[in-house]
Amino acid sequence: MVPGFWSLLLAHWRHIFLHWYFVLSLVLGIAPAVLVTDSNLQERYTLILRTEATVSVGLLGVVLAGLSLIVTLMNDELLRVSNSIGRGVIEDFFPFSFTAVVAVLTSSASLMFLILTPQNDELTMRIGIGLSTFLFVWTLFNMLALVRLVARRGLIRALYASQKDSGGPGDKEVDGRR
């Protein structure tokens, strides 16, 4: 986690927990826990939780790749600009840290319910599916936000490079186009 993670979480709690991503994830997490029939519960339980644990670990790798892109695109001037806005680079890295935490929670919840749930304990299986699926869907939505963030940062970096190289925006050709 980045330094100041908890203070940033408190500062942005409304945007995080009252956002449509969170609410929709909660609904989509509850739905399979309620809708899976009793006859399919044991079979689907293992399949769902294994899949969510595996994919969320893979998504953690994607979060780290996105963070490395942001760090790679940062230069001294962009670093100064970033540090002059809000809480600076620490706030820029918060979405990556938060999404990584949610991905780790998803994997942990999935694995813990797989390991600790007694055979044929229907209530615990439904709770496990609900919690794990909620966290998994929330991780996916947070990944969409990170893709948008990395794309915006890439665009800012491209515009910055264009202005620096040509003396103004839009003067530099990229792949034969202006």
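In this text the structure is predicted, and so the values were computed from the model without any measurement. The basis for the numbers below is simple: all heavy atoms, side chains too, and nothing from hydrogens, waters or symmetry mates.
- A search for side chain to side chain contact (heavy atoms under 4.5 Å, CB included) contacts involving S108 returns V104, not counting sequence neighbours.
- Partners of T99 under the side chain to side chain donor-acceptor pair (under 3.5 Å) rule, at least two apart in sequence or in another chain, do not exist in this structure.
- With sequence neighbours excluded, the residues that form a side chain to side chain contact (heavy atoms under 4.5 Å, CB included) with R152 are R148, L149.
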Contacts under 3.5 angstrom, residues 19-27 side chains, donor-acceptor by atom type, not counting sequence neighbours:
| unit_1 | atom_1 | unit_2 | atom_2 | d |
| --- | --- | --- | --- | --- |
| H19 | ND1 | Y21 | N | 3.1 |
| S25 | OG | Y21 | O | 2.6 |
| S25 | OG | W138 | N | 3.3 |

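- Under a hydrophobic clustering in which Ile, Leu, Val, Met, Phe, Trp and Tyr are joined whenever their side-chain heavy atoms come within less than 4.5 Å, directly or via other members, V57 and L105 fall into different clusters.
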Using side chain to side chain contact (heavy atoms under 4.5 Å, CB included), reason through V34 and I30 one step at a time and then give a plain yes or no.
CA-CA 6 Å; V34 173; I30 292 170; 3.8 Å; yes
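- Membership of the apolar cluster around M112 extends to I115, L116, as traced through chained side-chain contacts below 4.5 Å between ILVMFWY residues.
- A heavy-atom distance below 4.5 Å is not found between the side chains of L144 and L140.
- With sequence neighbours left out, L64 forms a side chain to side chain contact (heavy atoms under 4.5 Å, CB included) with no residue at all.
- Both F17 and V102 are assigned to one and the same hydrophobic cluster, defined by single-linkage of ILVMFWY side chains at heavy-atom distances under 4.5 Å.
- One distance of note links CE of M125 with CD1 of I48; it measures 11.5 Å at 0.5 Å rounding.
- The side-chain hydrogen bond (donor to acceptor under 3.5 Å, both in side chains) pairs that include a residue from residues 55-68 are S56-S107, where partners are two or more places apart or lie in different chains.
- If you run side chain to side chain contact (heavy atoms under 4.5 Å, CB included) between L49 and each of L111, T117, L114, only L114 comes through.
- For the residue pair A33 and I129, the shortest heavy atom distance occurs at N-CG2, 3.9 Å.
- Every residue meeting the side chain to side chain contact (heavy atoms under 4.5 Å, CB included) condition with L123, not counting sequence neighbours, appears here in chain and number order: D121, I127.
- For residues 122-146, the salt bridge (Lys or Arg N to Asp or Glu O under 4.0 Å) pairs, not counting sequence neighbours, are D38-R126, E122-R126.
- Evaluation of the ring-ring contact (aromatic ring centres under 6.0 Å, His included) test over residues 47-66, restricted to residues two or more places apart or in two chains, returns none.
- Counting heavy atoms from C-beta outward, F136 and L28 have side chains that stay 4.5 Å or more apart.
- Considering only residues two or more places apart in sequence or on other chains, F96 meets the ring pair (Phe, Tyr, Trp, His ring centres under 6.0 Å) condition with none of them.
- When the options L146, T139, T54, T106 are evaluated for a side chain to side chain contact (heavy atoms under 4.5 Å, CB included) with L59, the one that passes is T139.
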